[in-house]
Structure formats: structure tokens, C-alpha cells
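Throughout, numbering of the chain's residues begins at 1 and tracks the sequence.
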Amino acid sequence: MIVVTTETVPGRRIVNTLGLVRGNTVRARHIGKDILAGLRNIVGGEVHEYAKLISESREQSLDRMVAEAESLGANAVVATRFTTSMMMGGAAELLAVGTAVVVEGD
């Protein structure tokens, strides 16, 4: 599956547009990791606990978007975007959206 943030795939021609596809995940913070992150916030530096959480969330939402595109018969997703939003204190949603398409080589 080709996934790009551009409107087209270089070297390929879009022959069919199948529609909007999305994948999301909602993750909550863990109290133990919150304590470690709070301590790290005092001394400064990267908060590895949260960086890992957002990275895992991004991959899961991307995997879900790709699975939806595959179920439509797509071989590519164009115009891919990520967005996040707070669901409640300590929980956030990460959403991947794009347009499922069928591409062929030029």
C-alpha cells in the first residue's frame, strides 16, 4: 500500500477514487508513566513515555486507515493527514484520514 501526503503519487496515475478512509485510536495515559513524565518535566528533556505513546498511536491509526483502504480495493492512499484531539483529561484521540485510490504506473 502506497501512503502519501501529496495529492498524487509520483510516477503513477490515479485511475479510480474510492473515497475517504480513516483510522483512529484513543489512548489514555498510565498513572505510573505520568509520574515518570512529571519528574522528567522538572529536570527537562524529552518525555520518552509520551513520545512512545504518540508513536504507537500514530502507527495504529495509520494501520487502521490502510486496512479500510484495502477493504475498498485501493492500492494507495493520497492526501493523508493526522490530527489529534483531547477526549477527556488524560485521554487523546489520534486520527489518520486520506483518500483511497487505485493507481497504475505511467
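In the hydrophobic cluster analysis, where Ile, Leu, Val, Met, Phe, Trp and Tyr join through side-chain heavy atoms closer than 4.5 angstrom, Ile54 is grouped together with Leu62. Neither Ile2 nor Val15 shares a network with the other; the hydrophobic side chains, linked directly or stepwise wherever heavy atoms of I, L, V, M, F, W or Y lie under 4.5 Å apart, form separate groups for each. Both Met1 and Val21 are part of a single hydrophobic cluster, where members link through side-chain heavy atoms under 4.5 Å apart. One hydrophobic cluster, built from ILVMFWY side chains closer than 4.5 Å, holds both Leu94 and Val77.
Using a 4.5 Å heavy-atom threshold, the side chains of Arg13 and Val103 count as separate. Side-chain contact between Val3 and Val66 is present, with heavy atoms from C-beta onward closer than 4.5 Å. No side-chain heavy atom of Arg12 sits under 4.5 Å from any side-chain heavy atom of Glu104.
Listed by chain and number, the hydrophobic cluster partners of Val97 are Leu20, Leu95, where partners are ILVMFWY side chains within reach of under 4.5 Å, directly or through others.
Distance CD/Glu68 to CG/Asp63: 13.5 Å, rounded to 0.5 Å. The CD1 atom of Ile14 lies 8.5 Å from the OG1 atom of Thr99; values are rounded to the nearest 0.5 Å.
Nearest heavy atom pair, residue Ala79 against residue Glu7, reads CB-OE2, 3.7 Å. Heavy atoms only, all atoms of each residue included: Ala100 and Ala74 are closest at CB-CB, 3.8 Å.
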* To do: Check step by step if side-chain contact (heavy atoms from CB on, under 4.5 Å) holds for Leu18 and Val102.
  => CA-CA 8 Å; Leu18 304 172; Val102 175; 3.9 Å; yes
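Within the 3.5 Å criterion, the main-chain N or O of Pro10 finds no donor-acceptor partner in the side chain of Thr8.
Taking the side-chain hydrogen bond (donor to acceptor under 3.5 Å, both in side chains) definition, one finds that Thr25 meets it with Gln60, sequence neighbours left out.
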